[in-house]
**Student:** 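Could you have a look at this structure, given as structure tokens, before my questions?
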Amino acid sequence: MGITIIGSGFAGIGMAIKLKAAGYHDFVVLEKAAELGGTWRDNTYPGCACDVPSHFYSYSFELNPGWTRMFSPREEIWAYLRRCVEKYDLEEHFRFGTEVTGLEYDDTANQWQVATGTGTTFRTNAVISGIGALHIPSYPEISGRELFGGPAFHSAEWDHSVDLTGKRVAVIGTGASAIQFIPKIAQQAASLHIFQRTAPWVQPKPDIPVPTRLRQALHLPGATRAFRNTIYWLLETRALGFALDPKLMKVHRVLAERHLANQIQDPALRARLTPDYTIGCKRILLSNDYYPTLTKPNVELITNGITEIRDHTIVAGPREVPVDVIIYGTGFKVVDALHEQRIIGRNGLKIQEAWRHGIEAYHGITTPGFPNLFFLLGPNTGSGHTSVIFMIEAQVRYIMSCLRLLSRTKAAAMDVTPEASRAYNDRLQERLERLVWSKGGCHSWYLDEHGKNRTLWPGFTFEYWAKTRKANPNAYELLKPSRDR
């Protein structure tokens, strides 16, 4: 069976490893860039690091006792992915510089036709999309943004040719990436103006170098596995407030408020940094140096909304702030990442039509009308409290069970039934509607334009793991090979 994997981040590489281990060798990994790595290749901003403990932000089957910090910098994570590709001998399966521009299902042949940016097309039996959600930069709609006369770039497309030394720098946005790079560039800029629309909840980041003695101990049989399992269950306890009742988020609020009070002495500044929504409604951020940076003499927090960008100034409320460089720390188009793809399924069904009422999938993996198309990190499989690598591995295992089902039944393709998908997603949204992301008093990138959470899983990750252990044949229509019709 010819299989095509799109993307070479954690999802695509993990899928490739498991395919090869199961004896599937007829597969390719298509990557639009010149190198593997996904988000850890692309995001090169200063201070880029993971906010999940290193020993859990890795594959369960490829433990790494040698992480140098509790929260790894992106260089180490990227190197880990390259080592995995080398160890599992996957190099021959990669096709770099190959962007997928369209997928179209052939109802007669029960195959997908894959179109690429090079102008070539080919057929494949199954497609596994591992493009992830954090790869399309989101820019704010601000009048005059394109008229700015100086350098301006998104944190995910960092322009290293721009020297910030002695410059008047503006940062728009205070999300997960911004609080990592702001402390770094504050050391260079003559002045740093941070434009905050909504204050984030920030908790301390227990990030320390892993002592040499501990790294040595983790090489003992079973030690890294035990350490990883401990981290897993500690992180799962954070899900109590997310998955059961927003009132249980109080302990997280107390921790964040103490962190803010300890690091910001000025009551006026502290008030502007105190969010007005339930903690967890937006992503909880981790940092030890973000708040102290805001107290530096060359750094200013501006909470007036931006009304206009001019040639070399930013207008916010009554002020016009002169700046030389603008850096956008405004996140990604998460909900739109899949919706904007050119995908045509059975009987000419476009993915946009299938998702006209909102992006959704059965277990976040399969969508009715699109046989043998599987999504990794698809709708509602993100996590607000733990590592997405755990979720990826559950999805990879589920897809492998789908492939075994196809092999066992001699079916050409499998298409999840509308009834199964509808029942699953109705239950999912019913759960989500009462949780903190919907009831916490904020609007985040977790939600679509209708206020529906299309991003996160509403429960504990072990619950998702249990639900995706094996594909249910009754939820799928098995399509016969064309010769059997």
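If you read the sequence from its start, that first residue is 1, and numbering goes on from there.
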**Student:** Where does the angle between the aromatic ring planes of Phe370 and Trp112 fall among parallel (under 30°), tilted (30 to 60°) and perpendicular (over 60°)?
**Tutor:**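 Phe370 vs Trp112 ring planes: parallel.
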
**Student:** Between Glu419 and Arg422, does any side-chain N to carboxylate O distance fall below 4.0 Å?
**Tutor:** no

**Student:** Please enumerate all residues that pass salt bridge (Lys or Arg N to Asp or Glu O under 4.0 Å) together with Glu75, with sequence neighbours excluded.
**Tutor:** none

**Student:** Please round to the nearest 0.5 Å and tell me the distance separating atom CG of Leu373 and atom CG of Leu103.
**Tutor:** 6.5 Å

**Student:** Can you check whether Phe242's main-chain N or O pairs, donor with acceptor, with Trp437's side chain at less than 3.5 Å?
**Tutor:**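 Not a single qualifying donor-acceptor pair exists.
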
**Student:** Can you tell me if Tyr476 and Thr366 form a side-chain donor-acceptor pair at under 3.5 Å?
**Tutor:** yes

**Student:** Describe, in one word, how the ring planes of Trp158 and Tyr45 are oriented to each other, choosing from parallel (under 30°), tilted (30 to 60°) and perpendicular (over 60°).
**Tutor:**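 Answer is tilted, since the angle falls between 30° and 60°.
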
**Student:** Between the side chain of Gln113 and the main-chain N/O of Glu104, is any donor-acceptor distance below 3.5 Å?
**Tutor:** no

**Student:** Take atom CZ in Arg197; do more than 12 heavy atoms of anything else shown fall under 6.0 Å from it?
**Tutor:** no

**Student:** Using the ring of each side chain (for Trp, its six-membered ring), is Phe10 parallel, tilted or perpendicular to Tyr57, with breaks at 30° and 60°?
**Tutor:** perpendicular

**Student:** Quick one: which of Glu62, Lys20, Arg83 gives a side-chain hydrogen bond (donor to acceptor under 3.5 Å, both in side chains) with Tyr88?
**Tutor:** Glu62

**Student:** Parallel, tilted or perpendicular: which describes the rings of Trp457 and Tyr424, with under 30° parallel and over 60° perpendicular?
**Tutor:**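 Judged by the thresholds at 30° and 60°, the geometry between Trp457 and Tyr424 is parallel.
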
**Student:** Just checking Glu91: does its CD atom have more than 12 heavy atoms from other residues, nucleotides or ligands closer to it than 6.0 angstrom?
**Tutor:** yes

**Student:** Looking only at non-hydrogen atoms, find the nearest pair between Ile351 and Gln341 and report the distance.
**Tutor:** CG2-O, 3.5 Å

**Student:** Can you sort out the partners of Tyr139 under ring-ring contact (aromatic ring centres under 6.0 Å, His included), two or more places apart, ordered by chain and number?
**Tutor:**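 ring-ring contact (aromatic ring centres under 6.0 Å, His included) list for Tyr139, sorted by chain: His154, Tyr328.
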
**Student:** Under the disulfide bond (SG atoms under 2.5 Å apart) definition, can you give me all pairs with a residue in residues 369-447, not counting sequence neighbours?
**Tutor:**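 Qualifying pairs: Cys281-Cys442.
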
**Student:** Could you tell me whether the side chain of Asn472 and the main chain of Asn474 form a donor-acceptor pair under 3.5 Å?
**Tutor:**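 Yes; at least one donor-acceptor contact below 3.5 Å.
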
**Student:** Ignoring hydrogens and geometry, is there a side-chain-to-backbone donor-acceptor pair from Glu31 to Ala33 under 3.5 Å?
**Tutor:** yes

**Student:** Kindly confirm or rule out a cation-pi arrangement of Arg69 over Trp67, judged by NZ or CZ under 6.0 Å from the six-membered ring centre and within 45° of its axis?
**Tutor:** no

**Student:** Checking side-chain polar atoms at under 3.5 Å, does Asn110 have a donor or acceptor matched by the opposite partner on Tyr105?
**Tutor:**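 Looking only at side-chain atoms, Tyr105 and Asn110 do form a donor-acceptor pair, the distance falling under 3.5 Å.
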
**Student:** Angle class for the His363/Tyr464 ring planes (parallel below 30°, perpendicular above 60°, tilted otherwise)?
**Tutor:**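 Rings of His363 and Tyr464: perpendicular, over 60°.
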
**Student:** Under 4.0 Å between a side-chain nitrogen and a carboxylate oxygen: does that hold for Asp51 and Lys205?
**Tutor:** no

**Student:** Give a yes or no answer on whether the side chain of Arg356 reaches the backbone of Glu353 with a donor-acceptor pair at less than 3.5 Å.
**Tutor:**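 The answer is yes, because a donor-acceptor pair under 3.5 Å joins these two groups.
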
**Student:** Do Thr224 and His55 have side-chain N/O donor and acceptor atoms under 3.5 Å apart?
**Tutor:** no

**Student:** Relative to each other, are the rings of Tyr277 and Trp201 parallel, tilted or perpendicular (30° and 60° limits)?
**Tutor:** perpendicular

**Student:** Count the heavy atoms of every other residue, nucleotide or ligand shown that sit under 6.0 Å from CD of Glu430, and state whether that count exceeds 12.
**Tutor:**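 Result for CD/Glu430: open.
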
**Student:** When you measure from the side chain of Asn380 to the backbone N and O of Asn453, does any donor-acceptor pair fall under 3.5 Å?
**Tutor:** yes

**Student:** With side-chain hydrogen bond (donor to acceptor under 3.5 Å, both in side chains) as the test, would you mind laying out the steps for Tyr232 and Thr461 before giving the verdict?
**Tutor:** CA-CA 10 Å; Tyr232 171 76; Thr461 58; 2.9 Å; yes

**Student:** Please check: side-chain N/O of Asp415 versus main-chain N/O of Gly369, any donor-acceptor pairing under 3.5 Å?
**Tutor:**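 Yes; at least one donor-acceptor contact below 3.5 Å.
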
**Student:** Relative to Phe61, does Lys18 satisfy both conditions: NZ or CZ under 6.0 angstrom from the six-membered ring centre, and within 45 degrees of the ring's axis?
**Tutor:**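 Cation-pi check for Lys18 and Phe61: passes.
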
**Student:** Report yes or no: does Thr278 contribute a side-chain atom to a donor-acceptor pair with the main-chain N or O of Val436 at less than 3.5 Å?
**Tutor:** no

**Student:** For Gly378, does its backbone N or O pair with a side-chain atom of Thr381 as donor and acceptor, under 3.5 Å?
**Tutor:** yes

**Student:** For the atom pair OG (Ser401) and CZ (Arg408), what is the distance rounded to the nearest 0.5 Å?
**Tutor:** 8.5 Å

**Student:** Does a donor on one side chain and an acceptor on the other come within less than 3.5 Å for Gln111 and Thr124?
**Tutor:**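 The answer is no; no qualifying pair exists.
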
